[in-house]
Number of protein chains: 2
Amino acid sequence: MFRGIFHNSIDEKGRVSIPARFRDQIQNNHSTPLVLTLGFDQCLFLYPSDTWQKIEEKLSSMDSLNAEVRQFQRTIMRATDEVDLDQQGRIVISPVLRKEAGLGKSVVIVGLLNRIEIWDKQKYESYHTQSSQSLELLGQKLSDKGIQDIAF
Amino acid sequence: MFRGIFHNSIDEKGRVSIPARFRDQIQNNHSTPLVLTLGFDQCLFLYPSDTWQKIEEKLSSMDSLNAEVRQFQRTIMRATDEVDLDQQGRIVISPVLRKEAGLGKSVVIVGLLNRIEIWDKQKYESYHTQSSQSLELLGQKLSDKGIQDIAF
DNA sequence: GAATAAGTGGAGAAAAGTGGGGAATATCTC
DNA sequence: GAGATATTCCCCACTTTTCTCCACTTATTC
């Protein structure tokens, strides 16, 4: 699992350093190349390829007769790239993905369970301040909807 | 289980000593790295990684297609860091977490069952004086709500 | 009250992140 | 198909941050 938050920057060539801690985890427990895809809420998801493969299996097991399923599949795969780490531990983000995710120079890289999320710094902050709700409240909402709670 | 209360301080680099007793327990019975996260009531929770992993598994099992679930997951992981003990038995608390927990120079470190809590000293004291209620009264309240009682 | 352990502080070494030049590869044009 | 242009990818160098190490102070223990 990936944990922690890092503030890095994208250079003119579209390169970003992946935090060393994540790099180590990938090398020790996962397989490359990495898969970079446009995720939810206008940020990028970065997966080790073994994890991504499971997602693809689920995607392909969905009912393709359903038009909404097909659209979902296509929308995901449309914006998916394979990326490798260079010898400084960086990946290159294609202009297309940079644009789709609205990435400027400053980015936030967050470990989020089985994936790494890459956010434009401003977008990240507004995501968390605009809809700033206490953890307690969020938990309560989920609980009200019957989504299982978590024991801390 | 972690027990006891300690008064330590944070230095300019954001380092805090973890009480030696806790360090021993972690080394003998648990796995590193440690996971530091913003908990309830504006204090930090410190978990050995094996304990934290159970929480992450629950987080992972939630439905990520639901926007509120994502927000919940991100709100937790946003304020979650991996930390290691240095050779003096200290951890570094990131500026973000220090700010979120309102940590000044003096902190209180409390063993609380399966986790270690880190409080700003003032916040800790006002938490316990403002809402000062006898243990008997607190127990009664829980009992009234049908929350199971405890056999002492 | 001495001896030991625990906690605190700071300097130097190491690692991580950043930027840019240039070689190799690919693409395009004529 | 050759040359020109563009792109990618190494590699090196610099800056900043992090970590390690050593020394000192405070607290416990016997």
Side-chain angles (χ1 to χ4, degrees), chain A residues 2-28 32-36 44 46 81-99 103-111 116-121 124, chain B residues 2-28 32-36 44 46 49 80-99 103-111 116-121 124:
Chain A
F2 300 104
R3 311 176 187 113
I5 177 171
F6 300 85
H7 294 263
N8 288 355
S9 60
I10 301 185
D11 67 18
E12 289 176 355
K13 298 178 180 177
R15 298 177 298 188
V16 209
S17 275
I18 299 304
R21 206 186 276 273
F22 294 163
R23 269 153 31 201
D24 292 344
Q25 277 177 271
I26 290 164
Q27 285 188 323
N28 294 330
T32 50
L34 303 173
V35 176
L36 186 65
L44 300 180
L46 182 66
D81 253 346
E82 282 191 359
V83 292
D84 278 300
L85 293 165
D86 69 14
Q87 290 189 308
Q88 275 65 38
R90 294 173 289 196
I91 60 168
V92 177
I93 303 178
S94 72
V96 176
L97 284 181
R98 249 180 294 163
K99 191 185 161 203
L103 298 185
K105 186 165 170 52
S106 298
V107 296
V108 177
I109 303 179
V110 194
I116 296 164
E117 291 191 349
I118 302 174
W119 290 74
D120 176 71
K121 192 186 175 196
Y124 183 77
Chain B
F2 301 104
R3 305 184 192 97
I5 177 170
F6 301 85
H7 294 261
N8 287 355
S9 61
I10 302 185
D11 68 17
E12 288 178 355
K13 297 178 180 177
R15 298 178 298 190
V16 209
S17 275
I18 299 304
R21 194 192 299 176
F22 295 162
R23 266 148 41 195
D24 293 344
Q25 277 177 272
I26 290 163
Q27 285 187 324
N28 295 331
T32 51
L34 302 174
V35 177
L36 185 65
L44 300 180
L46 183 66
S49 53
T80 296
D81 230 342
E82 285 189 356
V83 292
D84 280 298
L85 292 165
D86 69 14
Q87 291 188 309
Q88 276 63 39
R90 293 173 289 195
I91 60 167
V92 176
I93 303 179
S94 73
V96 176
L97 285 180
R98 251 180 293 162
K99 190 184 161 204
L103 298 184
K105 186 164 170 54
S106 299
V107 297
V108 177
I109 302 180
V110 191
I116 296 163
E117 293 191 348
I118 302 174
W119 290 75
D120 177 71
K121 193 187 175 197
Y124 184 78

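Just so we're on the same page: letters track the sequence lines, and every chain starts at 1.
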Using 0.5 Å steps for rounding, measure from the [atom1] atom of [X] to the [atom2] atom of [Y].
{"X": "A/Arg90", "Y": "A/Asp11", "atom1": "CZ", "atom2": "CG", "result": "6.0 Å"}
{"X": "B/Phe2", "Y": "B/Ile18", "atom1": "CZ", "atom2": "CD1", "result": "10.0 Å"}
{"X": "B/Asn8", "Y": "B/Ser106", "atom1": "CG", "atom2": "OG", "result": "9.5 Å"}
{"X": "A/Gln25", "Y": "A/Ile116", "atom1": "CD", "atom2": "CD1", "result": "7.5 Å"}

Tell me whether the OP1 or OP2 atom of [N] has a side-chain N or O from [X] closer than 4.0 Å.
{"X": "B/Ser17", "N": "C/dA6", "answer": "no"}
{"X": "A/Arg23", "N": "C/dA15", "answer": "no"}
{"X": "A/Lys13", "N": "C/dG22", "answer": "no"}

Just how far, in rounded Å, is [atom2] of [N] from [atom1] of [X]?
{"X": "B/Asp86", "N": "C/dT8", "atom1": "CG", "atom2": "C1'", "result": "11 Å"}
{"X": "B/Phe22", "N": "C/dA5", "atom1": "CZ", "atom2": "P", "result": "20 Å"}
{"X": "B/Ile10", "N": "C/dT8", "atom1": "CD1", "atom2": "P", "result": "10 Å"}
{"X": "B/Gln88", "N": "C/dG10", "atom1": "CD", "atom2": "P", "result": "14 Å"}
{"X": "B/Ile18", "N": "C/dA5", "atom1": "CD1", "atom2": "C1'", "result": "17 Å"}
{"X": "B/Asp24", "N": "C/dG7", "atom1": "CG", "atom2": "P", "result": "10 Å"}
{"X": "A/Phe6", "N": "C/dT18", "atom1": "CZ", "atom2": "P", "result": "12 Å"}
{"X": "B/Gln87", "N": "C/dG7", "atom1": "CD", "atom2": "P", "result": "16 Å"}

Has [X] got a side-chain atom pairing as donor or acceptor with [Y]'s backbone, closer than 3.5 angstrom?
{"X": "A/Asp84", "Y": "A/Pro33", "value": "no"}
{"X": "B/Asp120", "Y": "B/Gly104", "value": "yes"}
{"X": "B/Arg15", "Y": "B/Ile91", "value": "no"}

Margin query: Give me the atom names and distance for the closest heavy-atom approach of B/Arg21 to B/Arg3.
Written below: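 In terms of heavy atoms, the two residues are closest at NH1-O, 3.6 Å.
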Next item on the list: Would you mind reading off the bend of the helix from C/dG1-D/dC30 to C/dC30-D/dG1 from its two end axes, five pairs each, to 10 degrees?
Entry: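 The two end axes of the helix from C/dG1-D/dC30 to C/dC30-D/dG1 meet at 30°.
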Note to self: Using a distance-only criterion (donor-acceptor N/O pair, under 3.5 Å, no hydrogens), is the base of C/dG17 paired with the side chain of A/Arg15?
What the structure shows: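 Side chain to base: no pair below 3.5 Å.
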Notebook entry, point to check: Looking across every strand, which nucleic acid part, if any, lies under 4.0 Å from B/Arg21 by heavy atom: base, sugar-phosphate, or nothing?
Noted result: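 B/Arg21: no heavy atom of the nucleic acid under 4.0 Å.
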Note to self: The side chain of A/Glu12 is closest to which nucleotide in this list: C/dG20, C/dG17, C/dT8?
What the structure shows: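 Within the option list, the nearest is C/dG20.
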Item checked: Leading and trailing nucleotides of DNA chain D with any atom under 4.0 Å from heavy atoms of chain B ->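 Under 4.0 Å from chain B, the extent on DNA chain D is D/dC19 to D/dC22.
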Notebook entry, point to check: Would you say the side chain of B/Leu44 lies within less than 4.5 Å of the side chain of B/Leu103, judging by non-hydrogen atoms?
Noted result: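 In short, these two side chains touch, coming nearer than 4.5 Å.
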